[in-house]
Amino acid sequence: MKESLFLLKNLSAWYTRDKMVLSHLSMELKSQEIVGLIGLNGAGKTTLIKVLSGLHPSFHWDDLRFCGNPVKLRGKSFKLSRYTVFAEDASFGYFTFREYLTYVFFAYGQKLPDVRELIQGFGFEAYTDVLLKDLSTGNRKKAFLITAFALKPKLLFLDEPVNGLDFQSTEYLYQKISQYKQYGTILFSSHILESITLTSDRVLVLEKGKIQKTFEKEEIKADAIREVLHHEYAD
């Protein structure tokens with residue numbers, strides 16, 4: 001039985017108090033597992049990842065634990081144990097990739113690694129010294145993905161990581177996600193069933209602000225997940 005890495009109980013999040021996005025959401029992530037998060041547009045996937053990344057201000061929960069200990073989202077120890085790749089990210093626009101990578105590893109107190117294999121795998125060779133603001137959406141996404149997989153945090157959040165990627169990079173991303181259990185745990189959201197079914201140990205279905213269904217191991221099949229989503233839409 002894998003140990004609990006991250007435990008969240010009864011999270012509620014909102015933009016205005018009369019418009020709750022997440023309501024009494026509870027979830028647990030085990031050490032060294034890949035967890036897919038899926039739901040229809042507007043289900044709250046991005047909001048959940050923003051909350052967990054310390055970027056969404058309006059929320060409340062009953063309990064949050066990391067490695068069995070209570071933590072604060074913006075507490076230093078937890079911040080240094082996680083990294084997030086967002087669906088869209090225009091930050092650090094006047095950094096090149098190499099400057100951004102150096103900045104991140106300095107901030108996390110880690111030695112700068114050799115990232116040539118990651119750069120080649122994502123087909124990013126021509127863009128390492130281009131300002132992030134001048135990159136296409138897909139290439140900017142690659143810059144943050146390379147950083148994430150080089151950093152190897154215990155807890156990695158990926159919000160729609162496939163969006164904007166070409167075929168080669170998508171195939172390489174699936175490979176890196178599947179291999180990540182040797183370093184830590186990934187929670188990633190996606191509306192692309194293939195990315196969920198090919199890489200996940202568990203799949204969480206987000207509906208009406210809560211985790212309404214969990215698929216595990218042999219249960220993770222596109223048709224079964226699609227049926228749940230269609231039922232949600234019909235409701």
Side-chain angles (χ1 to χ4, degrees), residues 5-6 29 31-32 34-35 37 46 48-57 64 66-67 71-166 169-170 172-190 199:
L5 178 71
F6 181 84
L29 304 176
S31 60
Q32 298 177 307
I34 310 301
V35 179
L37 179 68
T46 295
L48 174 59
I49 289 177
K50 285 184 175 179
V51 170
L52 300 182
S53 303
L55 295 181
H56 186 81
L64 176 67
F66 184 68
C67 297
V71 293
K72 295 181 179 179
L73 282 178
R74 297 183 178 90
K76 183 176 180 181
S77 62
F78 185 54
K79 286 173 68 175
L80 293 178
S81 298
R82 70 165 191 247
Y83 181 86
T84 304
V85 177
F86 295 99
E88 296 183 7
D89 193 343
S91 60
F92 298 95
Y94 286 91
F95 281 36
T96 66
F97 161 73
R98 293 195 184 278
E99 290 169 341
Y100 175 72
L101 186 75
T102 300
Y103 167 81
V104 169
F105 274 80
F106 176 79
Y108 278 76
Q110 294 191 28
K111 182 181 178 181
L112 197 65
D114 184 347
V115 294
R116 285 177 292 183
E117 186 268 335
L118 285 164
I119 288 172
Q120 183 177 7
F122 279 107
F124 196 68
E125 296 93 332
Y127 307 103
T128 57
D129 296 307
V130 178
L131 292 178
L132 295 181
K133 74 178 185 65
D134 293 331
L135 295 175
S136 67
T137 299
N139 281 322
R140 196 158 54 244
K141 174 72 69 67
K142 291 178 187 181
F144 295 122
L145 286 170
I146 292 168
T147 302
F149 288 114
L151 188 63
K152 302 181 181 72
K154 284 186 178 180
L155 186 54
L156 177 56
F157 300 127
L158 306 176
D159 186 18
E160 300 287 357
V162 177
N163 284 10
L165 296 185
D166 53 81
S169 298
T170 299
Y172 184 69
L173 173 64
Y174 292 165
Q175 176 186 329
K176 299 309 291 185
I177 290 175
S178 298
Q179 294 172 349
Y180 199 79
K181 286 182 283 189
Q182 61 186 304
Y183 308 114
T185 292
I186 290 179
L187 173 68
F188 78 102
S189 70
S190 181
T199 61

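Owing to the predicted nature of the structure, the values given are computational and were not obtained by experimental measurement.
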With a cut-off of 6.0 Å (strictly less than), are more than 12 heavy atoms of other residues, nucleotides or ligands near NZ of K152? yes
More than 12 heavy atoms of other groups within 6.0 Å of Q120 CD: no
Taking the side chain as everything from C-beta on, heavy atoms only, tell me whether [X] gets closer than 4.5 Å to [Y].
X: L52; Y: L187; answer: yes
X: V51; Y: L73; answer: yes
X: R82; Y: F66; answer: no
X: I34; Y: F188; answer: yes
X: F86; Y: E160; answer: no
X: L5; Y: C67; answer: yes
X: S178; Y: T199; answer: yes
X: Y94; Y: Y100; answer: no

Evaluate the side chain to side chain contact (heavy atoms under 4.5 Å, CB included) criterion for residues D159 and S189: first the C-alpha distance (whole Å), next the side-chain angles of each, then the deciding distance (0.1 Å), finally the verdict. CA-CA 5 Å; D159 186 18; S189 70; 2.6 Å; yes
Can you check whether F149 and Y183 have ring centres sitting under 6.0 Å from each other?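 So the answer is no for these two rings.
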Measuring centre to centre across the rings, with the benzene-like ring taken for any Trp, is Y108 within less than 6.0 Å of F105? no
Taking all non-hydrogen atoms of both residues, which atom of [X] and which atom of [Y] are closest, and how far apart?
X: K141; Y: N163; value: NZ-O, 3.0 Å
X: Q32; Y: Q182; value: NE2-O, 4.0 Å
X: P153; Y: S81; value: CB-O, 3.5 Å
X: R74; Y: H56; value: NH2-O, 4.4 Å

Rounded distance (nearest 0.5 Å) linking atom OG1 of T46 with atom CD of E88: 9.0 Å
In chain order, what residues pass the salt bridge (charged side-chain N to carboxylate O under 4.0 Å, His left out) check against D89, with sequence neighbours excluded? none
Give a yes or no on whether the backbone of A143 and the side-chain of T147 come within a donor-acceptor separation of less than 3.5 Å.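 Between the backbone of A143 and the side chain of T147 there is a qualifying donor-acceptor contact (under 3.5 Å).
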S169 (side chain) donor-acceptor with L165 (main chain) under 3.5 angstrom: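 A pair under 3.5 Å: no.
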Would T185 and K154 count as a side chain to side chain contact (heavy atoms under 4.5 Å, CB included) here? Give the steps. CA-CA 6 Å; T185 292; K154 284 186 178 180; over 6 Å; no
Test L101 against V115 for side chain to side chain contact (heavy atoms under 4.5 Å, CB included), laying out the working first. CA-CA 10 Å; L101 186 75; V115 294; 3.9 Å; yes
Identify the residue among L37, I49, I177, T84 that makes a side-chain contact (heavy atoms from CB on, under 4.5 Å) with L158. I177
Just do the side chain to side chain contact (heavy atoms under 4.5 Å, CB included) check on V35 and I186 with the steps written out, would you? CA-CA 6 Å; V35 179; I186 290 179; over 6 Å; no
Pairs in or reaching into residues 105-120: which pass salt bridge (Lys or Arg N to Asp or Glu O under 4.0 Å), with residues at least two apart or in two chains?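 Checked against salt bridge (Lys or Arg N to Asp or Glu O under 4.0 Å) - neighbours excluded - the pairs reaching residues 105-120 are D114-R116, E117-K176.
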Run the side-chain donor-acceptor check on residues 121-139: report pairs under 3.5 Å with partners two or more places apart or on a different chain.
from : atom 1 : to   : atom 2 : distance (Å)
S136 : OG     : N139 : N      : 3.2
S136 : OG     : N139 : ND2    : 3.3

